[in-house]
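Following: one structure in structure tokens, then a few remarks.
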Amino acid sequence: MSDRNVVSWTALMAGYIHIGLPKPALQLFEKMPKTYIFPNPFTFATAVNACSFLSDLQTGRKIHAQIEIYGFQSNLVLCTSLIDMYGKSNYVDESRRVFDSMEYKNVVSWTSMISTYTQNAQGEDALLLFREFIKSTSNKPNQFMFASVINACASLGKLVAGKVTHSAVIRHGYNTNEVVESAIVDMYAKCGLFEYSNKIFRQIQNPGLIPYTSMIVGAAKYGLAKFSLDLFQEMLEKGIRPNDVTFLGVLHACSHSGLVDIGLEYLNSMHEKYGISPDSKHYICTVDMLGRTGRLDEAYQLAKTIPPEVQDREILWGSLLSSSRTHSRLDLAVEASQRLIETNQQLATAYVTMSNTFASVGNWENVSRLRSEMKRNGIYKEPGCSWVEIKDRTYVFYAGDVKSCERGNEVVNLLKELEVRMKERGYVRGRKGLVFVDVEEEAEEVILGLHSEKLALGFGLICIPKGITIRVMKNLRMCGDCHEAFKVISEIVERDFIVRDVNRFHHFRDGSCTCKDFW
DNA sequence: TTAGGGTTAG
């Protein structure tokens, strides 16, 4: 072009970003004023966008300063791009400062701020801001905002909020948007309703890479390796190419189901068949896979060859330490914890796991040495906890600590009562909790369902087998006692079909209660 | 010529 103006410069910058090359876009941005052509708000927004892609906070701040000098600081689009840039650079407070400075906001700017919170693990703030958007503006949320909000619910494990948002998605007609659907599939899986997740997935018309990957990962996390691998196969047959995340899901599935050799085959096929080079995440997953089944020497050899990014080292050696502890390999546990301590990250976890490893082989001298070392250095391990949402309240559980849980004693008493009654029905305490002895092996798998896990949180007891509950709910007549029990169980377990159906059943005071079959 | 969303190992 003999004549270039600000539009042609900006268009070329935008073009570079569009094909995934933000750096040349920024080079053009620097070059442009030297030809006496000066940026307008469009140019600035494009430059800021390039910084977002690069998470380049330093350049982003410089451009922000220029925007102030040029007097464009109240431009709606520009502010929105700044919110996004600071968010992608993990500078959440700065994002919020820009957001608060805006006189006019639209759905895009609100979404940008909400996403900033979600992407920086501040799900609660994301949901608070979403509520504020609904209450204080007359704008309607769109598919972008819904995707972010559902992501926030998923990361917090907020099932109720997730369901409410899902309803809103349906009401607003975004339930056929693939991105929103993927987010919902992921949300239900993370909130403990795998069946819902699968149902939504099956409703998606022609699901692409990300819905498939979400479902593969979801199934893998549930220990449903076959389900996960079948889906992977189905996806390949449809001609959808997997990406690095899909393989992470596949490896995770193999790892958590003991399918080590199959997992190794997948790892080797990544590059050969699909042209995807495994990165440190895949190798770390493989180290974990080998370690879990006790193939610790192989795991250690592999771990040594991985040159992971600095921030990944703690995960790699933490995983190896954990499996060394499980398989009482003191030598490797010492090696792994030393490497972990070198990274100076997750120190408390390293100390505690190491001390537990010594404890598992009865080496109490070292246990007390490590514990006093922790005390001396002021290293404190925040105890892990679980929580369950019931209606609008969250109940937190710590392992072995009934007192700190509200209604904890009530729950424990109920569990004891249930255990007694279940034993009468042929259950025995097995390694995995209560196991029904009169069923064939296959049926047993169905019985040991998700409920069991939720009820077991913090109490060390497993009961209420899933299969039985469902069967009993058909043609059920309840006495007052059983009804009460079911109501409490429903509250704890929070399953729809129980909550919904309990109120519909007739109550019987006498022996005609049919749910005694259950007990 | 400009801004926002979904899947990721321990």
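Within every chain, numbering begins at 1; the chains are lettered A, B, ... in the order of the sequence lines, protein sequences first and strands thereafter. Keep in mind it's a predicted model, so treat the numbers as computed, not measured.
- Contact annotation for Asn106(A): base contact, defined as any heavy-atom pair under 4.0 Å involving a base atom.
- Taking the six-membered ring where tryptophan is involved, the planes of Phe247(A) and Phe232(A) are perpendicular, since the angle between them exceeds 60° and thus also 30°.
- At the heavy-atom level, Ser214(A) lies under 4.0 Å from the strands shown only through sugar-phosphate atoms.
- Contact annotation for Glu181(A): no contact, since no heavy-atom pair falls under 4.0 Å across all strands.
- As judged by a 4.0 angstrom heavy-atom cut-off over every strand, His18(A) is placed among residues making no nucleic acid contact.
- Residue Ser322(A) is classed as having no contact, given no heavy-atom separation below 4.0 Å to the nucleic acid.
- Across all strands shown, Lys88(A) has heavy atoms under 4.0 Å from sugar-phosphate atoms exclusively, and none from any base.
- Val107(A) comes within 4.0 angstrom of a base, heavy atoms only.
- As judged by a 4.0 angstrom heavy-atom cut-off over every strand, Thr10(A) is placed among the base-contacting residues.
- A side-chain donor from one of Asn5(A) and Ser8(A) sits under 3.5 Å from a side-chain acceptor of the other.
- For DNA chain B, the neighbouring residues in residues 263-297 of chain A, judged by any heavy atom under 4.0 Å, are Lys281(A), Asp288(A), Arg292(A).
- Between Phe133(A) and Phe130(A), the ring planes lie parallel to each other; the angle is under 30°, not in the 30° to 60° tilted range.
- Residue Asn142(A) is classed as a base contact, given a heavy-atom separation below 4.0 Å to a base.
- Using a 4.0 Å heavy-atom criterion, one finds that Val108(A) contacts the bases of the nucleic acid, with or without backbone contacts as well.
- Residues Asn356(A) and Thr353(A) bring no donor and acceptor atom of their side chains to less than 3.5 Å of each other.
- Between the side chains of Tyr86(A) and Arg96(A), not a single donor N or O lies within less than 3.5 Å of an accepting N or O.
- Looking at Ser52(A) and Asp84(A), their side chains do bring a donor and an acceptor atom within 3.5 Å of each other.
- Residues Ser148(A) and Ser115(A) have side chains that bring a donor and an acceptor to within less than 3.5 angstrom of each other.
- Within 4.0 Å of Asn75(A), counting heavy atoms only, lies no atom of the nucleic acid at all.
- In this model, a donor atom of one side chain and an acceptor atom of the other lie less than 3.5 Å apart for Asn243(A) and Thr246(A).
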Indicate every side-chain donor-acceptor pair of residues 183-192 of chain A with a distance under 3.5 Å to a residue at least two apart or in another chain.
residue	atom	partner	partner atom	Å
Asp186(A)	OD1	Lys190(A)	NZ	3.1
Asp186(A)	OD2	Lys190(A)	NZ	3.0
Tyr188(A)	OH	His166(A)	ND1	2.8

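- For DNA chain B, the outermost nucleotides in 5' to 3' order that have an atom under 4.0 Å from a heavy atom of chain A are dT1(B) to dG10(B).
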